[in-house]
2 protein chains.
Amino acid sequence: MSSTPHRVAGRPAKPILTQQRIVEAAFSLLDEGGAEDFSMGKLARSLGVRTPALYNHVDNRQHLINLMRRDMIRSIDQSLIAVLPWPEALFHFGQLFRDALLRVPAAVELIVATPITEESESGLIYEELGGILRRAGVAVPRILMIMIAFESLVVGAALDIVAPGAHVAVVPEGNSAARETRHVEVLELGGKFARQARSTVSEQSFDFGLRAIIAAVEREVGQRDHGGM
Amino acid sequence: MSSTPHRVAGRPAKPILTQQRIVEAAFSLLDEGGAEDFSMGKLARSLGVRTPALYNHVDNRQHLINLMRRDMIRSIDQSLIAVLPWPEALFHFGQLFRDALLRVPAAVELIVATPITEESESGLIYEELGGILRRAGVAVPRILMIMIAFESLVVGAALDIVAPGAHVAVVPEGNSAARETRHVEVLELGGKFARQARSTVSEQSFDFGLRAIIAAVEREVGQRDHGGM
DNA sequence: ACTCCTAAATGAATGGTGTTAATTATCGTT
DNA sequence: AACGATAATTAACACCATTCATTTAGGAGT
């Protein structure tokens, strides 16, 4: 896109770049070429511009990735959360969070591997989560801990879906011939189910984990409610 | 370490490098300088050797990182897993896994960001784990799903370890409009708590998630046992 | 003991990366 | 109209992973 007709040096008559345009182009580039092919140079090219031009609108690569993270987080629709009962709200929020991450799968790899900075506004997630847990009646000192457990699961699950088994350790997936032979026994266990619909398994396992955490929270507040106070 | 006394070209009299030596030096380098400072060049220097020498023992950077991953996974002691009752085994295993990750935090960052290859041997662990779940009486099609949920949590927790700044920097001064929503109070509390004992929170949240999943599995097999297979 | 293949180091070179500096042209303001 | 800030360019830098050609040593076979 965006031809490169040997534009002359100097400020252009009509503005070419915007921070937002850059962020959007970054998402597109990731979507097309995957995380492997992502670079400032390629990004600039896709915008019909030379690389250093980007640095007028973005501090550096890390900053850019955090801006992508911010966009992702902002894209989470929070309207339903306040009106749902807290267990459903928690489940719903988990789903939305994961879906937001999965909207641009290749971006997840980058985002996850890049240190978080202020402008990512990732605090929004904790505000929302914290609100739900507080509403559930979770003791204040426990809230942060549960939020992190929750987020760990969501992010981990997203990574698992994006690049199944491709990280810390492997759960057999079975589309690679080599892996198939090596993990026969385990695959045997999962059987045709695994081979047939790996992504479905990923989703189900995410739901499983989500419900497990919600149940644990329910037990916790239940105990506390019955116990004292 | 390992002086660089202008060694002359050609095969050395006594062997200098080994794949294992390289892997160990890689861990050290990561431990000292963090993932940011890790490069083949620095690694070579730390071994008193020129960069291309590494490539006689290691295919490339990705291969090396996968060797580190293998070492990390191998360091998990599985001897207790077979003898413990399955819920304890599961919890124990989760702990060991997390500890292995914590032993080399900087390496986790690399490992998570690098696609897996054959030599990681990470499947071995999950064969063990699958066996445990089957012995626990988990329905076969559910085993893979539970293992994936388990891994999601582990991966997510690993990422939490890697990027701990994420949660601390939640509520600075309310200069951003987006931040002044209605849940500030909770975060205020969480923020203080986080700053005070961050690593403890990470560990506790991991345990919480682990127990939540184990409890869910227990409920599942319990139901099945009562309900009648 | 000589020959020859292979293994393991070096040095030089390549193509890529993120980033900075200097230059130029245009916008918006005084 | 002058001028500083803005936003593009080109040029350059340091680094990085990797490859190639060269050099030296070990080991196997005669």
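Chain letters run A, B, ... following the sequence lines, proteins first and then strands; every chain starts at 1. These numbers were taken from a predicted model, which means no experiment stands behind them.
When distances run from any side-chain atom of B/V8 to the nucleotides C/dA9, D/dT19, D/dT24, the shortest one goes to D/dT24. Looking at the side chain of B/L17, the nearest of the listed nucleotides D/dA25, C/dA9, D/dA17 is C/dA9. Residue B/R50 places its side chain closer to C/dG11 than to any other of C/dA9, C/dT20, C/dG11.
With salt bridges taken as basic N to acidic carboxylate O contacts below 4.0 Å, one links A/E121 and A/R74.
B/I22 has its CD1 atom 11 Å from the C1' atom of C/dA8, to the nearest Å. Computed from coordinates, the A/R45 CZ to C/dG18 P distance equals 14 Å when rounded to whole Å. Here the C1' atom of nucleotide D/dA17 and the CG atom of B/D37 are 16 Å apart, to the nearest Å. Counting to the nearest Å, the P atom of C/dG15 and the CG atom of B/N60 are 20 Å from each other. Atom CD in B/E36 sits about 13 Å away from atom C1' in D/dC16, given to the nearest Å. Taking atom CG on A/D59 and atom P on C/dG18, their separation rounds to 15 Å, with Å as the unit. The CE atom of A/M40 sits 13 Å away from the P atom of D/dA8 (whole-angstrom rounding). Rounded to whole Å, the distance from CD1 on B/I16 to C1' on C/dA8 is 8 Å.
An OP1 or OP2 oxygen of C/dA9 is reached within less than 4.0 angstrom by a side-chain nitrogen or oxygen of B/H57. Residue A/R7 has a polar side-chain atom (N or O) positioned under 4.0 Å from OP1 or OP2 of D/dT9. In this structure, B/S39 reaches the D/dA17 phosphate: one of its side-chain N or O atoms is under 4.0 Å from OP1 or OP2. OP1 and OP2 of C/dC27 both lie 4.0 Å or more from every side-chain N or O belonging to A/R11.
Aromatic ring centres of A/F97 and A/F150 lie farther apart than the 6.0 Å criterion allows.
Counting non-hydrogen atoms under 4.0 angstrom, B/A53 reaches a base of the nucleic acid. Among the heavy atoms of the strands lying under 4.0 Å from B/K42 are primed sugar atoms or P, OP1, OP2 only; no base atom is included.
B/D71 and B/Q20 form a side-chain donor-acceptor contact under 3.5 Å, judged by distance and modelled atom types alone.
Taking for each of A/R61 and A/K14 the nucleotide of DNA chain C with the nearest heavy atom, the 5'-most of the two is the partner of A/R61.
For B/N56 against C/dA9, a side-chain-to-base donor-acceptor contact under 3.5 Å is present.
Rounding to the nearest 0.5 Å gives a distance of 9.5 Å between CG of B/L47 and CD1 of B/I16.
The side chain to side chain contact (heavy atoms under 4.5 Å, CB included) with B/H57 is formed by just one residue from the set B/V23, B/T18, B/I22, B/L64; it is B/I22.
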